Amino acid sequence: MRPDYIPKDIEAAAQQRWEDQQAFRASADSPKPKYYCLSMFPYPSGKLHMGHVRNYTIGDVLSRYHRMKGQNVMQPMGWDAFGLPAENAALANNVPPAAWTYSNIEHMKQQLKSLGLGIDWSREITTCKPEYYRWEQWLFTRLFEKGIIYKKTAAVNWDPVDCTVLANEQVIDGCGWRSGAQVEKREIPMYFFRITAYADELLDGLDNLPGWPEQVKTMQRNWIGKSHGCEIEFPYDAAVGREGALKVYTTRPDTLMGATYVAVAAEHTLAAQAAGNNPKLAAFVAECMRGGTAEADVATMEKKGMDTGLFVNHPLTGERLPVWVANYVLMGYGEGAVMAVPAHDERDFEFAENHGLPVKHVVASRELLAGWEKLETALSGEGVAVSLETMDRLGMLACLTGALESLSGAPSEALIKAVNDFAVQLQSESPNTEYGTLTCSGKYNGMDFRQAFDAIAADLQAKGLGRKRTQFRLRDWGISRQRYWGCPIPVIHCPACGDVPVPDEQLPVVLPENVTITGAGSPLAKMPEFYQCACPKCGGEARRETDTMDTFVESSWYYARYASPDCATGMVDKNAAQHWLPVDQYIGGIEHAILHLLYARFFHKLMRDEGVFGDLRAAQNLDEPFSNLLTQGMVVAPTFYREDASGKKQWINPADINVATDARGRPFGATLKADGQPVIIGGTEKMSKSKNNGVDPQAIIDKYGADTARLFIMFASPPDQQLEWSDSGVEGAYRFLKRVWSFAYENNTSIGEHNGNIKHPPEKFVFDWKNISDNFKVARREIHEHLKQAHFDFDRHQFNTVIAACMKILNTIYRIHEPGLKDGECTPVWFIPQVALKSEGLSILLRLLSPITPHIAQTLWRELGYGDDILAAPWPEADEAALEQDEIELVIQVNGKLRGSLRVGKDTGKAALEQLALAHPAVQKLLAGGAAKKIVVVPGRLINIVA
RNA sequence: GCCGGGAUGGUGGAACUGGUAGACGCGCCGGACUCAAAAUCCGGUAUCUGAGAGGAUGUGGGGGUUCAAGUCCCCCUCCCGGCACCA
């Protein structure tokens with residue numbers, strides 16, 4: 001055995017061994033229970049980044065852990081190969097997207113292999129290959145025929161200079177990233193997946209996912225946004241142009257009597273109609289069309305609006321309400337129109353304040369009602385009666401003003417104060433968005449939310465001007481992309497037959513790979529050899545669709561494809577699907593919590609309903625694709641920069657920086673290694689090219705080895721938290737592995753001999769641990785306590801404390817020594833238990849470490865004669881007998897403050913404990929002769945004396 | 001703006017069900033080894049106060065519940081993720 005830890009050598013050897021043995025090839029034939037462990041596949045951007053390393057290490061740790069616990073693990077890998085960056089790279093470097101993508105895959109695959117991941121590479125899939133996407137096209141044609149896919153128009157970001165559609169990412173401050181031109185919203189026809197048809201199932205299904213983080217389920221529930229409300233129609237007459245009704249949806253029909261105006265989106269027909277003969281309004285509508293479509297931008301815009309001059313009628317009172325155009329009302333949401341109740345909605349209130357629109361309170365809190373009662377008493381004291389009818393019509397404030405004006409003399413000071421008090425109270429409740437009691441609402445006065453909701457809905461229904469409706473925030477999924485590097489949409493447009501899906505025998509519609517990317521429009525639309533075709537129905541001349549699919553489509557079903565990656569008869573082989581699905585553990589970034597994970601769940605149900613998984617009775621448990629989900633945090637690192645003459649920040653990579661610290665280790669400045677001059681320390685941010693704070697995983701692997709990289713990443717923080725990169729932390733991880741190696745080397749001979757004597761596996765050898773010395777008993781108890789803790793932490797995926805437990809075990813076994821004796825001098829009586837204990841401790845340590853740092857664990861397992869293959873070793877279990885203790889330590893508190901401790905027999909009774917605690921000198925001192933009011937005894941933990 | 005998270009020593013983090021705050025690392029300080037350095041090993045290290053024993057304070061800020069709060073409840077600040085065409 002070599003005295004030094006040389007990761008390069010042992011890692012290459014271990015990886016070669018796994019490759020030779022095909023150690024990670026998963027077969028459905030195994031009698032063991034299956035465990036399908038999946039990490040989100042990477043976009044092949046060029047090289048691995050730390051986020052990938054983190055993701056795949058977590059997946060590999062779980063895979064290896066479950067394998068050692070006796071499961072038949074399948075851990076596949078593939079490439080999310082379609083996407084925008086390939087087109088950008090093509091523009092920048094003049095390389096076709098296909099060639100760029102394939103070469104990136106080649107390189108990244110080597111990098112993944114060097115991490116020592118236990119991946120079944122025979123299942124590798126690449127989404128830009130026709131063998132993969134043809135099945136996506138196949139499903140599309142089925143769904144198209146079923147009506148799950150339909151066509152409608154939707155708004156996109158249009159760059160008027162480059163004449164191209166931009167992704168939200170490519171719109172910066174409302175302008176195109178390349179042209180700098182102001183982006184416009186433009187309506188174009190697109191294909192949509194009717195995901196809303198599955199909204200209820202997607203929502204309810206979340207209740208059957210106990211293995212998902214609560215926060216992700218909450219986000220998805222909110223995203224789906226099921227609400228119960230009413231659709232309400234506001235009729236208008238011929239004065240508007242023609243008779244009709246403006247339809248809105250609201251979750252607050254109880255506030256209907258407080259509606260003081262209605263607002264419509266710029267694209268709404270009423271807006272267009274009003275703009276027809278109003279140039280100012282037309283200009284405003286055009287202004288609303290400027291800017292991107294991203295919701296975050298729209299929602300943070302200044303709320304602007306303009307009066308159309310049109311009126312609609314309140315459905316219950318017939319009152320005329322003005323119609324406004326507002327930029328915060330979006331055509332794609334609900335009906336593209338809202339009823340505005342400024343008194344009870346934040347946005348409506350702000351808008352009404354800005355435009356001088358009336359505010360009418362119709363829902364009152366208990367406090368406000370009490371305030372109003374007080375005011376009424378004050379008013380009647382001055383002989384003023386408030387008419388309920390007036391109040392219903394005008395609202396409290398207007399009604400009050402009228403009443404005061406009707407006073408014959410000047411109001412008394414008491415009345416002025418009462419009025420002021422009420423006004424202040426009303427102001428503080430504006431807007432009041434809580435449920436409350438209806439007021440100023442005529443026949444609905446006094447009702448609560450539920451009663452008012454039902455009564456108003458019933459009245460609307462009776463008038464034919466509204467009804468209860470359940471609505472979802474979730475919108476149908478538009479999948480058409482006017483881009484080249486994606487899966488072609490398998491539709492042919494025939495002038496005679498309309499949109500015709502491509503028949504099975506003509507699939508796949510292959511994306512041509514040798515193209516030139518210009519950045520203006522899709523190259524496919526310029527390739528007659530691609531788009532010219534015959535109609536499959538009538539044979540006439542037709543045009544092939546040149547849009548491609550959203551790349552979320554590929555990533556919505558890849559997990560299923562892994563079950564039978566080469567299946568040539570369908571998306572997935574039915575038997576393979578029924579064997580491997582669902583995914584037992586899915587791991588990926590929290591940023592995918594909504595879109596990707598919702599789309600994949602949706603697709604799973606589409607495939608199920610299409611019979612892709614076979615007979616539904618046979619395909620049980622196939623309603624959801626991912627049983628357990630782990631969402632990892634991102635990898636962040638410190639940033640450093642200098643400002644150039646123009647004030648522009650020049651970001652400097654942390655690798656080129658020296659950080660100076662004071663005597664206590666506090667950083668007080670940083671300098672550039674190259675010139676020794678100071679740089680500015682920025683914040684800690686997500687590793688990125690733009691902040692130049694990325695650390696190349698390859699450099700870490702080359703310098704320290706994959707085990708160190710994996711160990712550091714798993715140790716630095718729990719998987720779901722963000723991970724802060726630290727070079728010295730990496731050094732620490734490396735130091736620990738060197739210490740493990742040294743321990744093994746130093747005890748190589750004795751442990752090796754011991755292991756040889758007892759024959760493996762070591763558990764078969766029953767050592768009489770009862771007769772070892774007290775020191776050894778303590779050491780052994782520590783080891784087994786740490787093991788127990790590690791086990792607990794493995795199961796809750798808190799790998800950082802698993803590693804802490806490993807470090808503690810190493811610290812313990814390093815100290816195993818009979819006092820005053822060295823190995824060579826030990827008498828046989830001491831020597832044998834000492835070696836046995838060290839051997840047991842190291843065997844536990846190596847097996848605990850093996851999922852995390854598999855190369856060193858495998859190497860030492862063999863070197864010290866535990867066995868040939870640590871993957872086949874049984875998972876260690878804590879020995880309960882080793883954990884037993886006769887005496888325990890209890891903490892003594894006085895008034896909740898720590899004042900001392902007590903060693904007692906483990907079975908000491910409560911009364912005895914109280915006596916012992918009261919007799920404790922620190923307690924005596926604090927009680928100063930007084931009696932304890934109360935004594936709280938928490939068994940095994942503490943005694944709290946309340947003085 | 002809306003939805004979801006987060007904040008604990010110089011630092012990454014630990015504290016499982018409300019029960020000894022700071023495990024385990026990193027850094028720093030001291031020591032051993034060395035001609036010296038690196039590496040390695042041993043010890044110390046929340047803050048303030050005290051010679052010391054000890055005392056006081058302390059988990060982003062403010063309030064509350066409890067014998068007891070990092071943990072539960074209410075309000076606030078800042079940071080991060082997502083917002084439907086980045087993946």
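Just so it is clear, the values below take in all heavy atoms, side chains as well, and ignore hydrogens, waters and symmetry mates. Keep in mind the model is a prediction, meaning the values are calculated, not measured. Protein chains get the first letters and strands the later ones, always in sequence-line order, with residue 1 at the start of each.
Side-chain rings of A/Tyr559 and A/Tyr586 stay apart, their centers remaining 6.0 Å or farther from each other. Two rings, from A/Phe736 and A/Phe715, have their centers 6.0 Å or more apart.
Atom-to-atom, CD1 of A/Ile943 to P of B/C67 comes out at 19 Å; the value is rounded to the nearest Å. In this structure, the CG atom of A/Asp348 is 14 Å from the P atom of B/C2, given to the nearest Å. One atom, CG of A/Leu597, and another, C1' of B/G4, lie 14 Å apart when rounded to the nearest Å. For the pair A/Met634 CE and B/G6 C1', the computed distance is 10 Å after rounding to whole Å. Between A/Trp741 atom CH2 and B/A39 atom C1' the separation is 18 Å, expressed in whole Å. The nearest whole Å value for the distance from the CZ atom in A/Phe736 to the C1' atom in B/G25 is 11 Å. The interatomic distance linking A/His52 (NE2) with B/A87 (C1') rounds to 9 Å, in whole Å. B/A87 atom P lies 14 Å from atom NZ of A/Lys686, rounded to whole Å.
Atom name C1', nucleotides B/G50 and B/C67: the rounded distance is 31 Å, in whole Å. To the nearest whole angstrom, the two C1' atoms, one in B/U20 and one in B/A15, are 10 Å apart. Taking atom P on both nucleotides, B/A68 is separated from B/C75 by 24 Å, rounded to a whole Å. Taking atom P in both B/C80 and B/G63, the straight-line distance is 28 Å, to the nearest Å. Distance check on atom P: B/A84 versus B/U47 gives 48 Å, rounded to whole Å. Across B/G82 and B/A14, the matching P atoms stand 23 Å from one another, rounded to whole Å. A distance of about 10 Å separates the P atoms of B/G58 and B/G70, rounded to the whole Å. Distance check on atom P: B/C33 versus B/A38 gives 15 Å, rounded to whole Å.
Of the nucleotides present, B/G31 is the one that pairs with B/C41 by Watson-Crick or G-U wobble criteria, both distances under 3.5 Å. When both pairing distances are held under 3.5 Å, B/C78 makes a Watson-Crick or G-U pair with B/G6. Shown here, B/A36 forms no base pair; nothing in the strands shown gives a Watson-Crick or G-U wobble contact with both key distances under 3.5 Å. Judged by Watson-Crick or G-U wobble contacts below 3.5 Å, the nucleotide B/U57 has B/A46 as its partner. When both distances must be under 3.5 Å, the Watson-Crick or G-U wobble mate of B/A68 does not exist. Searching all strands for a Watson-Crick or G-U wobble partner of B/U11 with both distances below 3.5 Å returns B/G25.
Using a 4.0 Å cut-off, some side-chain N or O of A/Lys897 falls inside it from OP1 or OP2 of B/U57. Phosphate contact (OP1/OP2 of B/A14, side-chain N/O of A/Arg796, threshold under 4.0 Å): absent. For the pair A/Asn811 and B/G25, the criterion of a side-chain N or O lying under 4.0 Å from OP1 or OP2 is met. Residue A/Thr218 has no polar side-chain atom (N or O) positioned under 4.0 Å from OP1 or OP2 of B/G4. Residue A/Asn944 places no side-chain N or O under 4.0 Å from the OP1 or OP2 atom of B/G19. For B/C24, neither phosphate oxygen OP1 nor OP2 lies less than 4.0 angstrom from any side-chain nitrogen or oxygen of A/Asn800. For the pair A/Arg735 and B/C26, the criterion of a side-chain N or O lying under 4.0 Å from OP1 or OP2 is met. Residue A/Arg481 places none of its side-chain N or O atoms closer than 4.0 Å to OP1 or OP2 of B/A87.
Residue A/Met549 is classed as having no contact, given no heavy-atom separation below 4.0 Å to the nucleic acid.
The side chain of A/Glu169 approaches B/C86 more closely than any other nucleotide in the set B/A84, B/C86, B/G1. Candidate nucleotides B/G82, B/A15, B/A84 were compared by shortest atom distance to the side chain of A/Glu591, and B/G82 ranks first. Among B/A84, B/G19, B/A23, the nucleotide with an atom closest to any side-chain atom of A/Arg941 is B/G19. Checking B/G12, B/A84, B/G13 against the side-chain heavy atoms of A/Glu724 singles out B/G12 as nearest. In the set B/G12, B/U20, B/A56, B/G12 carries the atom at the smallest distance from any side-chain atom of A/Phe715. Here the nucleotide nearest the side chain of A/Ala167, chosen from B/A56, B/C86, B/G19, is B/C86. With B/C16, B/A84, B/G81 as the candidates, the nucleotide lying closest to the side chain of A/Ile590 is B/G81. Of the candidate nucleotides B/U20, B/A87, B/C24, B/U20 has the atom nearest to the side chain of A/Leu898. Residue A/Arg739 places its side chain closer to B/C41 than to any other of B/C41, B/A87, B/A14. Counting only heavy atoms from C-beta on, A/Glu295 has its side chain closest to B/C83 among B/G4, B/A56, B/C83.
For B/C3, the base has no donor-acceptor partner in the side chain of A/Asn222 [N/O atoms by modelled type, under 3.5 angstrom]. With hydrogens and angles ignored, no donor-acceptor pair under 3.5 angstrom links the side chain of A/Gln798 to the base of B/C16.
Using the six-membered ring where Trp is involved, A/Tyr734 and A/Tyr5 have ring planes that are tilted, between 30° and 60° apart. Relative orientation of the A/Phe603 and A/Trp477 rings is perpendicular, given thresholds of 30° and 60° on the angle between their planes. Between A/Phe82 and A/Trp485, the ring planes are perpendicular. Angles over 60° get that label, and only those under 30° would be called parallel.
Base orientation of B/G50: anti (glycosidic angle beyond 90° from 0).
A heavy-atom distance below 4.5 Å is found between the side chains of A/Trp177 and A/Leu166. At least one side-chain heavy atom of A/Leu203 sits less than 4.5 Å from a side-chain heavy atom of A/Arg221.
Residues A/Lys217 and A/Glu214 are paired through a salt bridge, judged by an N-O separation under 4.0 Å between the basic side chain and the carboxylate.
Each of A/Ala805 and A/Ile594 has a nearest nucleotide on RNA chain B; the 5'-most of these lies closest to A/Ala805. If A/Ala804 and A/Thr801 are placed on RNA chain B by their nearest nucleotide, the residue sitting closer to the 5' end is A/Thr801.
Under the 3.5 Å distance criterion, the side-chain polar atoms of A/Trp79 are left unmatched by any main-chain donor or acceptor of A/Cys128.
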